[in-house]
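Counting starts at 1 for both ligands and their atoms, following the listed order. Atom set for the values below is all heavy atoms of this structure, side chains included, hydrogens, waters and symmetry mates excluded. The structure presented is a predicted model; accordingly, all values stated were derived computationally and were not measured.
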Amino acid sequence: MKHLLHFLKRIHEYSGKILYINLICMMLIGFLESASIFLLIPLISITGIIDFSTTEIPILRWITDLFIGIPETMSLIIILGIYVLLMVGQSIFKRQQSILGVKIQQGFIRHLRDDTYKSLLHANWGFYLKKRKSDIINIMSNETFHVSAGINLFLQFLSSIIFTLIQIGVAFYLSYKLTSFILFFGLILIIFSRKFINKSQSFGKESYELSQTYMAGMTDHFNGMKDIKSNSLEESHMNWFFSLSEKMEQNRIKLTTVNITSQMIFKVVSALLIAVFVFLSIKMFMSQPAQLMLIMVIFSRLWPRFTSIQSMLEQLGATLPSFKALIDLQNECIEAKEINDTDIQTSKAIQITSGISCHNVFFKYKQNEDTYALENITVHIPANRMTAIVGRSGAGKSTLIDILTGLNKPDLGEVTIDHIPLKREHLLSLRKSISYIPQDPFLFNTTIRENLKILDPEASDASLFEALEFAAADFVKLLPEGLDTLIGDRGIRLSGGERQRLVLARAILRKPSILVLDEATSALDTENEVKIQKAIEKLKGTMTIIVIAHRLSTIRNADQVLVMDRGQIIQVGGYNKLARDKKGMFSNLLGNQLKSSI
Ligand SMILES: Nc1ncnc2c1ncn2[C@@H]1O[C@H](COP(=O)(O)OP(=O)(O)OP(=O)(O)O)[C@@H](O)[C@H]1O
């Protein structure tokens with residue numbers, strides 16, 4: 001329940017006075033509804049069916065006295081007229097309150113969604129290394145939807161509670177003995193309903209876990225559809241899906257069954273209680289017929305409301321795990337926060353003059369592991385030169401890049417930019433100076449133009465084509481729709497090489513101070529690779545270039561080569577110098593590549 005209270009506090013902070021206006025509307029609706037009940041007494045008196053004694057209750061006496069001396073038809077018209085007016089007033093407030101309710105709910109959920117998304121973007125890279133992407137997507141879609149429904153439910157619940165309290169207050173005014181007598185039965189029902197709320201909460205938790213697994217599975221399957229199709233893995237995936245789908249079906253049925261069963265038992269027990277109540281009331285309170293009748297009318301309307309309050313509590317119980325998931329995600333983001341709004345607005349790209357250095361850097365991915373992914377790295381990457389990082393798979397090349405770009409923080413040692421230690425406040429300036437091209441470049445499911453303009457929204461078509469030409473991506477000119485060609489999910493409608501060239505063009509468009517290519521030319525054929533090499537060659541001297549390369553032929557022109565093995569830099573030097581060192585790993589790697597190319 002504390003998660004719900006947390007959200008209530010936040011709704012209160014967010015909506016402020018609107019929440020109170022909403023509450024006032026709820027109260028007015030309750031009062032108008034109660035007022036209409038009082039009209040029943042003069043109405044029934046006029047019909048002459050029963051002659052009520054109203055001396056004990058001032059309001060009833062006052063209402064009945066109002067009609068003394070007024071002809072019957074006139075009284076009837078007045079009573080019905082007041083009734084219609086009360087109902088019109090109630091409907092107007094109801095409408096107002098419903099609109100306010102939706103505004104509070106939708107406004108708050110938007111605020112929550114925006115806030116969570118912002119915290120996600122402000123979190124550091126380490127957060128994403130630990131978290132499953134699909135879990136985040138699940139919370140941002142399904143669970144946020146459940147939280148939204150939960151808030152709506154809560155507002156309805158609040159409205160029902162206020163309405164009920166007002167009605168009970170009126171009943172108390174009419175006869176506290178009779179009302180206490182009924183409330184005693186109500187209390188029995190509340191105690192008895194706790195079991196169902198707890199059950200709903202536990203099914204809600206199961207439902208959250210299933211939805212997390214579902215989202216993770218869907219993400220994996222659709223990302224790996226090519227593998228599934230080419231290796232004919234359809235059957236095993238289908239079995240997995242059907243089994244999960246069945247569990248989801250069962251979970252929903254169980255959750256609804258709890259709700260329906262509790263409703264049924266509630267109704268049966270209510271009927272029994274009402275029968276006992278009516279019997280005892282008639283026997284014990286016959287002396288107060290007007291009160292008895294009004295209280296019966298009030299409670300006959302309240303019983304269904306009790307049932308719906310019970311049902312709402314169960315449904316709220318089922319949404320609590322979603323509230324918890326969203327709060328946990330927000331807290332994790334806060335813990336992993338590395339930048340804020342001011343950083344984004346104020347930080348400017350920097351020009352590096354001396355270079356980036358690592359001083360005795362150690363880094364490991366999991367704190368409880370003994371082995372370091374990077375061990376005692378001390379190196380200098382000179383500004384406006386080309387540095388290549390080579391080594392066997394798993395040697396630590398990408399990890400070193402992540403440390404140099406400030407994505408990961410060293411566990412020991414430090415990184416300096418132009419001799420100044422890299423601190424949190426420099427991170428954005430550094431990243432704004434970098435264009436990074438990863439092994440598996442990311443393209444958005446939109447046009448080529450939109451993909452390029454992400455880094456420079458103001459770029460003209462001429463500069464887009466210039467960047468494309470520079471990156472040997474002239475193929476765009478030959479496409480029937482040119483820059484407006486849609487490239488599909490992650491650029492699926494382009495070849496691997498075309499994707500890489502497009503991403504290179506995008507990177508260049510930013511005119512970065514540091515260009516990082518993490519095996520960015522791995523998908524290119526020899527002809528295009530040569531073109532890109534030439535392009536990069538032209539960039540030499542104008543920016544700091546860091547290249548991770550498996551194909552050593554691509555780094556012939558590097559000013560400095562770093563050879564890595566098991567998290568350490570084991571050789572540093574120019575291409576030719578390292579190639580001549582026959583005992584070194586570089587000439588070993590070179591020899592292996594020559595052999596495999598023959
Ligand atoms: N997110 C991660 N969590 C845990 N360990 C990781 C993670 N990423 C990399 N590692 C480990 O750190 C070590 C270095 O990995 P890294 O990706 O830096 O190597 P690499 O030289 O770039 O390899 P490749 O050439 O295959 O890309 C490897 O042992 C790898 O298993």
Side-chain angles (χ1 to χ4, degrees), residues 120 123-136 216 219-220 223-224 227 332-333 335-336 338 356 358 360-379 381 386-413 415 434 436-442 496 499-500 503-504 514-524 529 545-555 558 560-572 578 584-586 588-593 596-597:
L120 280 166
N124 60 27
W125 178 237
F127 167 84
Y128 292 95
L129 287 177
K130 280 187 245 141
K131 269 220 95 65
R132 265 197 313 192
K133 253 186 286 168
S134 60
D135 288 354
I136 300 176
T219 317
D220 284 352
N223 277 341
D227 277 10
E332 283 175 71
C333 287
E335 261 174 48
E338 67 168 1
I356 314 174
C358 283
N360 307 102
V361 164
F362 286 77
F363 175 80
K364 59 182 164 190
Y365 283 99
K366 293 194 186 101
Q367 292 314 309
N368 51 0
E369 272 180 4
D370 292 334
T371 44
Y372 281 91
L374 292 182
E375 218 176 315
N376 204 13
I377 302 280
T378 296
V379 73
I381 313 277
M386 179 174 165
T387 296
I389 309 176
V390 300
R392 285 194 282 244
S393 179
K397 303 179 292 291
S398 299
T399 310
L400 178 58
I401 296 271
D402 292 348
I403 289 280
L404 291 170
T405 53
L407 273 185
N408 281 329
K409 244 176 78 183
D411 295 316
L412 287 171
V415 176
I434 298 175
Y436 170 68
I437 310 179
Q439 288 177 13
D440 182 16
F442 190 83
R499 277 202 292 271
Q500 284 189 328
V503 176
L504 181 65
I514 306 162
L515 178 67
V516 181
L517 299 110
D518 189 345
E519 284 185 54
T521 56
S522 61
L524 297 182
E529 190 176 33
I545 305 169
I546 308 173
V547 186
I548 294 185
H550 271 295
R551 259 189 273 169
L552 302 181
S553 56
T554 59
I555 54 154
Q560 167 178 260
V561 179
L562 312 178
V563 185
M564 292 194 72
D565 192 33
R566 294 181 204 169
Q568 297 185 356
I569 295 183
I570 54 166
Q571 278 182 293
V572 181
L578 293 182
M585 176 173 270
F586 187 72
N588 193 357
L589 291 171
L590 209 54
N592 287 344
Q593 284 200 357
S596 59
S597 64

Under 4.0 Å, heavy atoms only, figure out whether ligand 1 is touched by the backbone of Ser393, its side chain, both or neither. both

Can you tell if the side chain of Thr387 reaches within under 4.5 Å of the side chain of Val379, non-hydrogen atoms only? no

Closest approach of any protein heavy atom to atom 25 (O) of ligand 1, naming residue and atom: Lys397 NZ, 2.9 Å

Check whether any N or O atom of Ala373, backbone or side chain, sits under 3.5 Å from an N or O atom of ligand 1, and answer yes or no. no

Contact check, Ala395 vs ligand 1, heavy-atom distance below 4.0 Å: yes

Can you confirm whether Arg392 sits close enough to Leu589 that some side-chain heavy atom of one is under 4.5 Å from a side-chain heavy atom of the other? yes

Considering only protein heavy atoms, which is closest to atom 27 (O) of ligand 1, and at what distance to one decimal place? Gln439 NE2, 3.1 Å

Atoms of ligand 1, numbered as shown, that sit under 4.0 Å from any heavy atom of Thr399: 14 (C), 15 (O), 16 (P), 18 (O)

Please list the nearest protein heavy atom to atom 17 (O) of ligand 1 with its residue and the distance rounded to 0.1 Å. Ser398 CB, 3.9 Å

Which one holds for His550 and ligand 1: side chain close, backbone close, both close, or neither close, with close meaning a heavy atom under 4.0 Å? side chain

Considering only non-hydrogen protein atoms, determine which one is nearest to atom 10 (N) of ligand 1 and report residue, atom name and distance to 0.1 Å. Tyr365 CE1, 3.3 Å

Please name the residue in the list Val516, Ile514, Leu515, Ile546 that meets the side-chain contact (heavy atoms from CB on, under 4.5 Å) test with Tyr436. Val516

Indicate yes or no: at least one non-hydrogen side-chain atom of Met564 is less than 4.5 angstrom from one of Ile377. yes

Trp125 side chain reached by Thr405 side chain, heavy atoms, under 4.5 Å: no

Can you find an N or O of Lys366 that's nearer than 3.5 Å to an N or O of ligand 1? no

Test item: Ile437 and Gln500 side chains (from C-beta on) under 4.5 Å apart, heavy atoms: no

CZ on Phe586 to CD1 on Ile570, rounded to 0.5 Å: 11.5 Å

For the residue pair Phe363 and Leu400, establish whether any side-chain heavy-atom pair is separated by less than 4.5 Å. no

Specify whether the nearest protein heavy atom to atom 31 (O) of ligand 1 is under 4.0 angstrom away. no

Any side-chain heavy atom of Arg566 within less than 4.5 Å of one from Thr371? no

Which one holds for Leu129 and ligand 1: side chain close, backbone close, both close, or neither close, with close meaning a heavy atom under 4.0 Å? side chain

Looking only at protein heavy atoms, which one is nearest to atom 13 (C) of ligand 1, and what is the separation? Gly394 O, 3.8 Å

Please identify which atoms of ligand 1 are closer than 4.0 Å to at least one heavy atom of Glu519. 25 (O)

